[in-house]
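See structure below.
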Amino acid sequence: MILEQITDHLTETLKNRVLALFGHPVERVILQTPPKLNMGDLATPLALELAKVLKRKPREIAESLANGLELPMFVASVSVEGAGYLNFRFDRGGFTAAHMRTVMQPQAAAGQRVIVEHTNINPNKAAHIGHLRNAVLGDTYVRCMKWLGYRVETQNYIDDTGVQVADVVVAFQHLDEKSIDEVRALTQQPKFDYYCWDVYSRMASYYNEHPDSKEWRRETLHRMESGEGETAELAAIIARAIVRRHIETMLRLGITYDLLPKESDIIALHFWDRAFELLKQSGAVIYEHEGKHKGCWVMKLEGSEEFAGMDEPDKILVRSNGTVTYTGKDIAYQLWKFGLLDRTFGYRKFPAPYTLWETTHDDPSQSGAPKFGGAEIVVNVIDVRQAYLQKVVKQGLHQLGHRKEAENSIHFSYEMVALTPETASALGMEITEEDAAKAYVEMSGRKGLGVKADDLMDALEKKAIERVVEGGRGAEDAEEIGRQIAIGALRYFMLKYGRNKVIAFDFNEALAFEGDSGPYLVNSTVRAKSIFRKMAEEGIDAMISDDAVDRLTLSEGINDDMWELVRMSAGLPASIRRAVDGLELSIITHDLLELAQKFNSFYHKYPIKNEKDDAERQRRAVCAEVFRRTMVAGLELLGIAVPERM
RNA sequence: GCGCCCAUAGCUCAGCUGGAUAGAGCGUUAGCCUCCGGAGCUAAAGGUCGCAGGUUCGAAUCCUGCUGGGCGCACCA
């Protein structure tokens with residue numbers, strides 16, 4: 001907060017000053033933290049940039065800018081250094097006291113309405129670590145958006161009428177010859193999703209051996225889409241049971257949703273028919289009378305620069321047999337998200353330990369359902385392999401004349417999670433020599449090869465609980481504490497890599513609790529908490545209340561080690577903004593790691609509870625408290641809980 | 001063939017819209033528990049930022065061309 005005020009103020013002042021002194025307008029002023037602490041707290045290479053246009057020496061320009069520059073509150077001095085940098089130094093005491101009051105204060109929830117869609121797992125088998133990356137990215141993004149004041153609606157789209165569900169239905173009906181009641185009984189077992197994991201891969205290999213059997217799939221899909229009859233009922237039972245498992249799995253990670261929109265409802269409510277009318281009216285989609293796509297309705301994309309250079313830029317939305325493609329349905333659904341389709345769903349509650357709604361097509365809405373849809377910004381968290389499709393959807397809106405909505409259709413893309421050859425081999429995957437030489441090998445749902453989300457969490461929890469018990473602290477709550485640490489480890493692991501990086505999943509790395517890991521951050525925060533708990537127990541006043549801080553005479557006593565903690569803490573909100581705008585959440589994990597490292601170092605160097613001098617003890621305690629508040633709030637944004645002990 | 005992404009220390013990765021001496025973790029080596037928690041701390045070693053050009057006061061960062069790897073480019077979802 002305080003830092004933002006200072007940078008905003010300085011930016012304005014400098015812009016005005018450059019204009020006044022040199023008659024030259026500048027669009028932006030770069031304000032960055034200098035590489036070394038002794039260079040000050042903020043710096044700008046503004047004079048270097050101006051040197052060229054003004055044809056004057058950088059240092060000379062810097063001098064005239066600095067001379068008599070009006071400084072914002074808490075900025076104590078400005079100086080010219082290096083090649084012509086303008087360096088600002090803060091009033092450490094004043095800044096710290098002011099910052100302490102507003103550490104990680106969230107914005108008021110008055111921002112734009114946003115729909116974030118994530119998770120979207122096919123309801124036919126257990127969630128795996130690839131789905132985990134999606135869900136953790138999506139959930140963390142949602143938390144950050146809310147913190148920034150956006151009003152967010154979280155959706156988890158359920159493709160309950162797709163091929164993947166159909167394949168499991170086929171397996172139950174044709175391979176295993178199970179009755180509806182038998183399947184219904186199976187869904188009652190605790191890990192029905194694991195059961196289907198195997199059923200699905202069994203079906204996939206059956207298709208490979210008996211290509212004719214794919215006819216079953218076609219028939220099944222057709223019956224499912226009609227929504228009538230036993231096959232459709234069976235599909236609904238399976239999908240629903242699996243979705244319940246996925247909800248449970250994600251809840252272990254603290255991930256929740258507001259709405260589960262179902263593909264079957266979109267079909268039953270004929271969203272596509274309406275979208276089709278709009279697309280035809282606007283001319284965005286046309287009927288091909290001849291050529292390769294004869295008999296199809298296509299969206300013409302060859303004109304747009306985005307799709308320039310493609311051999312076959314046109315996208316088929318309706319096949320020659322009259323059925324709609326996935327892309328077509330997706331455009332219709334995207335229109336609904338923006339409130340541009342003049343029809344909508346019914347809603348009812350979905351059984352979950354929190355308030356969760358699902359769409360319906362037959363019931364009238366239950367009372368109490370919030371208003372879903374109609375957002376200003378729509379963010380779809382989907383892996384990079386669907387980038388092309390997302391582009392087409394965006395272009396669809398554009399061609400319908402919804403330019404603003406096209407602009408606000410954001411694809412949060414990220415790279416896949418693969419397996420290291422070692423991990424793949426440990427899972428029983430056959431590794432060819434060629435594979436072994438690779439950095440990673442892809443998971444395969446069809447082959448049933450992958451690391452299941454619940455299995456990974458189980459392994460992490462087991463290890464974390466052991467560590468808690470070994471440590472001897474909080475053994476009575478070892479299970480709950482271990483669970484929190486495990487989830488923290490997992491979420492951190494999924495967030496710390498840049499989104500464009502393929503994660504080659506390795507058990508040893510994922511289970512690491514040292515160094516660049518969730519438990520390291522949590523541990524450092526727990527220590528800070530412990531200090532204050534111990535001080536309270538021993539009746540030592542930490543003097544960190546607002547009143548006490550007001551009386552603080554910090555100005556001279558805040559040394560470099562303390563100041564770095566405060567300064568880094570103050571920089572976090574800007575990082576969160578940058579992370580959200582750039583869809584790069586690893587910025588936050590990175591900053592929190594640096595902060596935790598700084599604190600751990602500080603912690604070893606400066607005893608707090610045992611410091612005899614009151615003023616010095618207070619300064620140290622204030623820094624530890626700034627750290628604690630920053631970490632608790634920052635980790636909360638990452639969905640990582642901090643226990644009292646560990 | 002076209003498009004997107006990746007290439008930085010032995011390994012896994014940071015490096016903020018071009019800025020001051022390229023940083024972490026793991027691993028390796030050497031230290032640190034009479035002192036608030038060792039899931040920790042201190043220090044050392046480790047770099048042709050894939051290659052070649054270009055842009056400029058300044059390039060790991062921007063542009064062009066290569067090389068190597070990954071992923072897309074269906075009347076599948």
Side-chain angles (χ1 to χ4, degrees), chain A residues 28 30 32-36 39 43-45 48-49 51-52 58 81-85 122 159 162-164 292-293 295-296 298 306-313 315-321 323 325-327 329-330 383-389 413 415-416 418 438-440 442 464 467-468 470-473 485 489 496-498 500-504 506 508-509 512-524 526-528 530-535 538 540 571 574-575 578-579 582 584 586-587 589-591 593-594 597 600-601 603-611 624 645-646:
Chain A
R28 52 171 198 156
I30 295 174
Q32 53 194 192
T33 41
K36 294 284 178 198
M39 295 172 177
T44 176
L48 278 70
E49 292 173 42
K52 195 185 170 191
E81 287 167 43
Y85 288 92
N122 272 304
D159 184 6
V163 248
Q164 294 215 19
K292 202 172 160 185
H293 296 155
C296 300
V298 306
E306 289 261 20
F307 300 88
M310 290 188 55
D311 290 345
E312 203 51 63
K315 184 68 201 174
I316 292 167
L317 298 190
V318 181
R319 303 181 187 100
S320 53
N321 69 4
T323 56
T325 62
Y326 177 77
T327 312
K329 284 185 255 184
D330 231 31
D383 82 65
V384 68
R385 286 175 291 196
Q386 301 213 36
Y388 171 70
L389 172 73
S413 84
E415 266 291 356
M416 60 172 175
K438 287 182 181 173
Y440 52 84
E442 259 192 87
R467 292 292 293 273
V468 174
E470 275 170 31
R473 273 179 289 269
I485 291 167
K496 74 174 188 172
Y497 299 97
N500 289 328
K501 228 83 174 181
V502 176
I503 296 181
D506 177 81
N508 293 329
E509 267 179 55
F513 285 4
E514 288 87 31
D516 184 9
S517 72
Y520 175 89
L521 304 208
V522 172
N523 182 52
S524 64
V526 168
R527 282 176 155 179
S530 293
I531 294 171
F532 293 111
R533 190 179 54 241
K534 289 248 161 96
M535 287 175 88
E538 296 178 27
I540 303 168
S575 292
R578 208 153 49 82
E584 189 50 273
S586 64
I587 291 171
T589 55
H590 182 257
D591 280 15
L593 172 69
E594 280 197 334
Q597 285 172 328
N600 269 334
S601 173
Y603 169 89
H604 280 271
K605 203 165 163 185
Y606 302 96
I608 297 169
K609 180 177 68 111
N610 300 326
E611 170 57 39
R645 306 167 211 283
M646 64 186 276

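Labels below follow one simple rule: chain letters A, B, ... track the order of the sequence lines, proteins then strands, and each chain is numbered from 1.
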### Query
So what does A/Q597 hit on the nucleic acid, given a heavy-atom distance under 4.0 Å: a base, only sugar-phosphate, or nothing?
sugar-phosphate
### Query
Between A/I503 (CD1) and B/A14 (P), how many Å, whole number?
10 Å
### Query
Nearest-Å distance, NZ (A/K438) to P (B/G70)?
6 Å
### Task
Look only at the side chain of A/T44 and the backbone of A/I30, and say whether a donor-acceptor pair between them is shorter than 3.5 Å.
yes
### Message
Please classify the nucleic acid contact of A/E611 as base, sugar-phosphate, or nothing, using heavy-atom distances under 4.0 Å.
### Response
nothing
#### Entry: Closest to the A/K534 side chain, choosing from B/C13, B/G37, B/A77
B/G37
### Message
For the base of B/C36 and the side-chain ring of A/Y603, does the geometry meet a stacking cutoff of under 5.5 Å between centres and under 30° between planes?
### Response
yes
### Message
Looking at every heavy atom in both A/P519 and A/I485, which two are closest together, and how far apart are they?
### Response
CG-CG2, 3.9 Å
### A/E514 side chain, from C-beta outward: closest of B/G37, B/C41, B/C26
B/C26
### Query
A/V163 or A/P45: which one's nearest nucleotide on RNA chain B is closer to the 5' end?
A/P45
### Query
For B/C75, does either OP1 or OP2 sit under 4.0 Å from a side-chain N or O belonging to A/H293?
yes
### Integer-rounded Å distance: B/U21 P and A/E81 CD
14 Å
### Task
Using a cut-off of strictly less than 4.0 Å, decide whether A/S586 has a side-chain nitrogen or oxygen near OP1 or OP2 of B/A14.
no
### Message
Counting the atoms with a prime plus P, OP1 and OP2 as sugar-phosphate, which does A/M535 contact under 4.0 Å by heavy atoms, base, sugar-phosphate, or nothing?
### Response
nothing
### Query
Counting any heavy atom closer than 4.0 Å, what does A/V384 reach on the DNA or RNA strands: base, sugar-phosphate only, or nothing?
nothing
### Task
Please name the pair of heavy atoms, one in A/A512 and one in A/S517, separated by the smallest distance, quoted to 0.1 Å.
O-CB, 3.5 Å
### Query
Taking the side chain of A/S320 as its heavy atoms from C-beta onward, which of B/A20, B/C35, B/C75 lies nearest to it?
B/C75
#### Entry: Where the chi angle of B/C6 falls, syn if within 90° of 0 and anti if not
anti
### Message
For a quick check, tell me whether the side chain of A/T325 and the base of B/C75 share a donor-acceptor pair closer than 3.5 Å.
### Response
no
### Query
Does the A/S601 side chain pair with the main chain of A/Q597, one donor and one acceptor, at a distance under 3.5 Å?
no
### Task
Could you tell me whether A/K605 and A/E611 make a salt bridge, using a distance below 4.0 angstrom between a side-chain N and a carboxylate O?
no
### Task
Scan A/D506 against the nucleic acid and name what it touches under 4.0 Å (heavy atoms): base, sugar-phosphate only, or nothing.
nothing
### Message
Nearest whole Å is fine: how far is B/C35 P from A/H604 NE2?
### Response
14 Å
### Task
Mind checking A/G498 for me? I need base, sugar-phosphate or nothing, with any heavy atom below 4.0 Å counting as a touch.
sugar-phosphate
### Query
In whole angstroms, how far is the P atom of B/C13 from the CG atom of A/L593?
16 Å
### Message
Does A/E470 reach a base, just sugar-phosphate, or nothing at all? Heavy atoms under 4.0 Å.
### Response
nothing
### Query
Taking CG from A/L48 and P from B/U56, how many angstroms apart are they, rounded to a whole number?
16 Å
### Message
Assess whether a salt bridge exists between A/E442 and A/R385, defined as any Lys/Arg side-chain N lying under 4.0 Å from an Asp/Glu carboxylate O.
### Response
yes
### Query
If you check the A/Y520 side chain, which of B/A77, B/C41, B/C16 turns out closest?
B/C41
### Summary
Checking N1-N3 plus N6-O4 or O6-N4 for Watson-Crick, or N1-O2 and O6-N3 for wobble, each under 3.5 Å, the partner of B/A39 is none
### Message
The side chain of A/Q32 is closest to which nucleotide in this list: B/C41, B/C71, B/G19?
### Response
B/G19
### Query
With respect to the side chain of A/K36, which nucleotide from B/G40, B/U21, B/A39 is positioned closest?
B/U21
### Nearest listed nucleotide, side chain of A/K501, among B/C6, B/G70, B/A74
B/C6
### Task
May I ask you to say what A/V298 touches in the nucleic acid, namely base, sugar-phosphate or nothing, with a heavy-atom cut-off under 4.0 Å?
nothing
### Query
Considering only the C1' atoms, how many Å lie between B/U48 and B/A59, rounded to the nearest integer?
15 Å
### Message
Please pick, from B/G37, B/G19, B/C13, the nucleotide with the shortest atom-to-atom distance to any side-chain atom of A/Y497.
### Response
B/C13
### Query
Starting at the 5' end of RNA chain B and moving along, which residue's nearest nucleotide shows up first, A/H590 or A/I316?
A/H590
### Task
Measure distances between side-chain N and O atoms of A/R473 and base N and O atoms of B/G37, and say whether any donor-acceptor pair falls under 3.5 Å.
yes
### Message
If you only use heavy atoms from C-beta on, which nucleotide in B/A39, B/C41, B/G19 is closest to the side chain of A/N600?
### Response
B/C41
### Task
Find out whether the Lys NZ or Arg CZ of A/R527 is both under 6.0 angstrom from the six-membered ring centre of A/Y603 and within 45° of the ring's axis.
yes
### Distance-only polar pair, side chains of A/S524 and A/N600, donor-acceptor under 3.5 Å
no
### Message
Of the listed nucleotides (B/C75, B/G40, B/A39), which one gets closest to any side-chain atom of A/R527?
### Response
B/G40
### Rounded interatomic separation in angstrom, taking NZ from A/K609 and C1' from B/C35
9 Å
### Message
Over all strands shown, is A/V318 touching base, sugar-phosphate only, or nothing at heavy-atom distances under 4.0 angstrom?
### Response
nothing
### Task
Classify the nucleic acid contact of A/I485 as base, sugar-phosphate or nothing, counting any heavy atom under 4.0 Å across all strands shown.
base
### Message
What contact category does A/S530 fall into here, base, sugar-phosphate, or nothing, at under 4.0 angstrom with non-hydrogen atoms?
### Response
base
### Task
Report yes if a side-chain nitrogen or oxygen of A/Y440 is closer than 4.0 Å to either non-bridging phosphate oxygen (OP1 or OP2) of B/U12; otherwise report no.
no
### Query
How many Å lie between CZ on A/R28 and P on B/C16, as a whole number?
13 Å
### Message
I need the minimum non-hydrogen distance between A/F532 and A/A624, along with the two atoms involved.
### Response
CZ-CB, 3.9 Å
### Message
Once you apply a heavy-atom cut-off of 4.0 Å, does A/A43 come out as touching a base, just sugar-phosphate, or nothing?
### Response
base
### Query
Using atom P of each nucleotide, how far apart are B/G47 and B/G10 to the nearest Å?
6 Å
